[in-house]
Amino acid sequence: MKLFLDTADRKAIEKWSKTGIIDGVTTNPSHLSKEGSNPQQVVKDICQMLPHGDISVEITETTQKSVYEQAHAIAKIATNVVVKIPCHVDYYEIINQLVKDGIKINVTLVFTLIQSTFMAKLGVKYISPFVGRWDDIDVEGGELLFEIRSMFDRYNYQTELLAASLRGVRHLHTAILAGADAVTLPIDVLEKTMSHPLTNQGMDKFLTDWQKLGIKQFPQ
Ligand code: G3P
């Protein structure tokens with residue numbers, strides 16, 4: 001399973017990529033807007049930090065022609081860029097053409113099994129169902145991941161299931177159980193999911209017991 005960071009914070013990306021468990025980054029216009037007035041440089045920096053990772057960068061244009069042109073321009077920023085496009089009815093035709101052009105696409109703001117099926121038919125690289133935003137309106141978002149996994153496997157689609165809008169440990173656990181090909185996590189969620197209070201308690205107990213020996217150096 002690929003693990004992406006859902007942020008454009010370069011310091012955090014640099015820090016957490018050293019752990020060896022990070023396979024890429026998913027940015028969005030909200031993340032990039034927090035990082036100053038040169039988003040292109042921010043994207044370039046992130047692409048260099050993880051040269052073998054997939055770095056998703058979202059379109060910000062809205063008309064069909066401008067989205068198509070911008071998608072090509074974004075893809076040229078670096079070889080590891082994946083162009084993120086919302087799953088909007090106006091963009092199906094554009095997505096179809098971009099896939100034929102060889103552009104790697106991450107379709108974002110996906111909310112249903114049917115949208116996922118249509119995008120897999122078009123041959124996009126990733127689809128990003130938003131789990132947390134379903135939960136926000138009292139619908140169990142995790143269920144959608146199981147449905148998409150089962151549909152992808154049944155039809156043998158090559159599109160990867162990227163679980164997005166994950167807000168906590170329970171969401172990540174569900175995404176792994178559902179068989180997501182990739183997940184994307186905000187930094188605070190990553191931190192929460194990497195540790196466990198019982199691990200910390202266990203370490204304290206082992207260390208306290210060990211210190212009773214009064215040994216200065218081990219092994220000698
Ligand atoms: O990757 C999608 C993510 O950025 C959206 O998350 O928590 O705003 O629903 P959220």
Side-chain angles (χ1 to χ4, degrees), residues 1-32 34-35 39 42-59 71 74-85 87 98-99 102-110 116 119-120 123-132 141-142 144-146 148-149 152-153 157-196:
M1 185 195 72
K2 295 179 194 170
L3 172 54
F4 297 145
L5 292 176
D6 199 17
T7 184
D9 178 341
R10 286 166 288 184
K11 277 204 181 118
I13 294 165
E14 192 179 16
K15 174 181 171 186
W16 292 106
S17 56
K18 287 181 190 153
T19 59
I21 58 172
I22 306 302
D23 302 292
V25 171
T26 57
T27 69
N28 61 35
S30 305
H31 295 326
L32 283 169
K34 292 182 201 147
E35 304 301 316
V42 176
V43 169
K44 277 186 182 167
D45 292 345
I46 296 172
C47 289
Q48 276 174 9
M49 280 176 198
L50 284 164
H52 304 294
D54 280 341
I55 313 299
S56 290
V57 182
E58 192 157 339
I59 55 116
I74 289 173
K76 284 196 187 95
I77 295 177
T79 51
N80 53 337
V81 161
V82 177
V83 182
K84 223 172 168 189
I85 302 186
C87 193
L98 288 166
V99 170
I103 305 289
K104 289 176 284 181
I105 294 176
N106 172 3
V107 176
T108 189
L109 290 164
V110 169
S116 308
M119 288 303 136
V124 300
K125 183 159 176 63
Y126 297 105
I127 52 146
S128 295
F130 273 33
V131 174
L144 178 60
L145 301 178
F146 288 91
I148 297 170
R149 175 78 276 153
F152 276 6
D153 293 347
Y157 287 131
Q158 299 309 301
T159 296
E160 294 177 54
L161 168 55
L162 195 180
S165 181
L166 303 180
R167 309 265 178 77
V169 179
R170 186 179 59 84
H171 277 161
L172 178 58
H173 188 92
T174 302
I176 295 169
L177 269 186
D181 299 296
V183 298
T184 187
L185 298 181
I187 302 296
D188 63 322
V189 177
L190 175 75
E191 288 177 18
K192 264 189 228 153
T193 52
M194 282 176 84
S195 56
H196 194 279

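These values consider heavy atoms only, across backbone and side chains, with no hydrogens, waters or symmetry-generated copies. Only a predicted model underlies this, so the values are computations on that prediction, with no experimental measurement involved.
Interatomic distance, Leu3 CG to Thr193 OG1, rounded to the nearest 0.5 Å: 7.5 Å. How far CG of Asp54 is from CG of Asn106: 9.0 Å, rounded to the nearest 0.5 Å. Atom CG in Leu98 sits 9.5 Å away from atom CD1 in Ile59 (nearest 0.5 Å).
With sequence neighbours left out, the side-chain hydrogen bond (donor to acceptor under 3.5 Å, both in side chains) criterion links Asn28 to His31. Listed by chain and residue number, nothing satisfies the side-chain hydrogen bond (donor to acceptor under 3.5 Å, both in side chains) test with Glu58 (two or more places apart in sequence, or in another chain). Among residues two or more places apart in sequence or in another chain, the side-chain contact (heavy atoms from CB on, under 4.5 Å) test is passed with His196 by Leu198, Thr199. By the side-chain hydrogen bond (donor to acceptor under 3.5 Å, both in side chains) test, Thr184 is found to be paired with Thr26, residues two or more places apart in sequence or in another chain being considered. Taking the ring pair (Phe, Tyr, Trp, His ring centres under 6.0 Å) definition, one finds that Phe152 meets it with nothing, sequence neighbours left out. For Ala180, the side-chain contact (heavy atoms from CB on, under 4.5 Å) test picks out Leu161, Ala163, Ala175, Val183, with sequence neighbours left out. Lys104 is linked by a salt bridge (charged side-chain N to carboxylate O under 4.0 Å, His left out) to nothing, counting only residues two or more places apart in sequence or in another chain. Residues passing the side-chain hydrogen bond (donor to acceptor under 3.5 Å, both in side chains) test with Thr108, sequence neighbours excluded: none. Legend: residues meeting salt bridge (charged side-chain N to carboxylate O under 4.0 Å, His left out) with Glu35, ordered by chain and number and at least two apart, are absent.
Taking each heavy atom of Thr27 and Ala8 in turn, the nearest pair found is CG2-CB, 4.1 Å. Taking both residues in full, the closest heavy atoms of Val110 and Leu144 are given as O-CD2, 4.5 Å, listed atom of the first, atom of the second, then distance. Closest approach of Ala178 to Leu145, counting heavy atoms only: CB-CB, 3.7 Å. Between Val25 and Thr7 the shortest heavy-atom distance is CG1-O, 3.1 Å. Heavy atoms only, all atoms of each residue included: Leu50 and Ser17 are closest at CD2-CB, 3.8 Å. When all heavy atoms are compared, the tightest approach of Ser165 to His171 is O-ND1, 4.1 Å.
Pairs passing the ring-ring contact (aromatic ring centres under 6.0 Å, His included) check and including a residue from residues 2-28, sequence neighbours excluded, read Phe4-Tyr126. Residue pairs meeting the salt bridge (Lys or Arg N to Asp or Glu O under 4.0 Å) criterion with at least one member in residues 11-21: none, sequence neighbours excluded. The salt bridge (Lys or Arg N to Asp or Glu O under 4.0 Å) analysis of residues 179-191, with sequence neighbours excluded, yields the pairs Arg149-Asp181.
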| message | Working note: Val43 + Leu32, criterion side chain to side chain contact (heavy atoms under 4.5 Å, CB included); need CA distance, chi angles, decisive distance, verdict. | response | CA-CA 9 Å; Val43 169; Leu32 283 169; 4.2 Å; yes

